[in-house]
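Here, residue 1 is the first one in the sequence, and each next residue gets the next number.
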Amino acid sequence: MTPTLSFGRLCLNSVIVLAALLWFLPILVAFWVAIHPASEQGSFSLLSPLTLQNFVDAWHAAPFARYFLNTGLLVLMIVVVQLVLATMAAYALVRFRLKFAGVIFALILLQLMISPDVLILNNYKTIGALGLRDTLTGIALPYFSSAFAIFLLRQTFKSIPLVLEEAAIVEGASRFYILRKIYIPLARPIYVAFTLVSISFHWNDFLWPLVITDSVNVRPLTVGLQLFSAPEQGVQWALVSAATLMTTLPLLVLFLIFQRQFIQSFMRAGIR
């Protein structure tokens with residue numbers, strides 16, 4: 001390896017490390033504030049006492065157990081329905097001889113170009129007309145169909161040899177059996193990657209749940225955290241930091257566990 005290449009790689013690694021530190025800095029600051037007493041909020045002394053009491057106080061200061069349950073049920077509902085609908089749609093676009101398959105796929109991709117915030121008013125009227133305001137189903141319903149999931153799975157299903165399906169049909173396998181035993185297992189990395197993206201997005205979604213919910217019984221974490229840190233109640237940064245870390249910790253753990261599959265899946269989808 002030449003000295004020029006070594007120096008270039010060193011500079012690149014330094015930039016990557018610096019960017020990672022800048023990305024991680026807000027989390028470090030929140031963690032530092034959360035493990036110190038409220039009286040030490042303005043101090044960054046290494047000799048300051050450490051405590052976990054802020055996490056206990058934050059947990060009891062608001063119904064976070066209910067918020068976690070609501071968010072978990074909401075995300076689970078959305079992800080399961082998205083994967084089921086996207087799987088069937090992608091398979092139909094790839095293997096069925098639809099007359100206007102290209103046009104249908106183009107219309108599906110138009111969803112990616114429309115911000116969900118633009119549709120809030122119409123969605124609010126529709127959910128209200130259905131009598132689903134202030135319900136988990138009402139929050140989840142506008143997200144059941146995902147153009148992004150259909151795109152990823154369509155690209156993956158197209159790369160699966162048709163010979164495998166034809167051999168299964170000769171053996172008497174049904175369409176659903178083929179889908180369950182051939183397509184879904186071969187597309188498992190894509191399912192993992194999209195699931196992580198969907199969980200992250202809907203775990204952090206704020207505006208739509210804020211608009212459509214009124215009660216604690218269906219309020220997700222993002223809305224509950226915003227009300228918890230409302231200025232009218234007096235901002236206690238130690239408690240806010242502790243609550244923020246509690247709400248983001250599940251996402252960080254998920255990403256750390258599946259980061260390799262996450263990155264490889266999108267690289268393969270891009271190549272296809």
* May I ask you to test the Tyr67-Met246 pair for a side-chain heavy-atom distance under 4.5 Å? => no
Going by chain and number, the hydrophobic cluster around Leu121 (ILVMFWY, side chain to side chain under 4.5 Å) further includes none
Across all chains, not counting sequence neighbours, the side chain to side chain contact (heavy atoms under 4.5 Å, CB included) partners of Asn54 are Thr51, Ala238, Leu239, Ala242
By side chain to side chain contact (heavy atoms under 4.5 Å, CB included), Leu252 pairs with (sequence neighbours left out) Trp23, Ile27
By side chain to side chain donor-acceptor pair (under 3.5 Å), Gln53 pairs with (sequence neighbours left out) Asp57
The complete set of salt bridge (charged side-chain N to carboxylate O under 4.0 Å, His left out) pairs with one or both residues in residues 149-162, sequence neighbours excluded, reads none
Nearest heavy-atom contact between Ser145 and Gln111 is O-NE2, 2.9 Å
So the side-chain hydrogen bond (donor to acceptor under 3.5 Å, both in side chains) pairs with at least one residue in residues 205-225 (sequence neighbours excluded) are Arg133-Asp214, Asp134-Ser215, Tyr143-Asp205
Members sharing Leu12's hydrophobic cluster, built from side-chain contacts under 4.5 Å between Ile, Leu, Val, Met, Phe, Trp and Tyr, are Ile16
request  = Using only heavy-atom distances, determine whether the side chains of Asn13 and Arg9 contain a donor-acceptor pair under 3.5 Å.
outcome  = no
Quick note, salt bridge (charged side-chain N to carboxylate O under 4.0 Å, His left out) partners involving residues 92-113, not counting sequence neighbours, are Arg95-Glu165
Students should find that the hydrophobic cluster of Leu119, defined by side-chain heavy atoms under 4.5 Å apart, otherwise consists of Ile114
Sorted by chain and residue number, the ring-ring contact (aromatic ring centres under 6.0 Å, His included) partners of Tyr191 (sequence neighbours excluded) come out as none
Members sharing Leu22's hydrophobic cluster, built from side-chain contacts under 4.5 Å between Ile, Leu, Val, Met, Phe, Trp and Tyr, are Leu18
Evaluate whether atom CZ of Phe206 has more than 12 neighbouring non-hydrogen atoms of other residues, nucleotides or ligands under 6.0 angstrom away.
yes
Ser241 meets the side chain to side chain contact (heavy atoms under 4.5 Å, CB included) criterion, sequence neighbours left out, with Ala30, Val33, Ala34
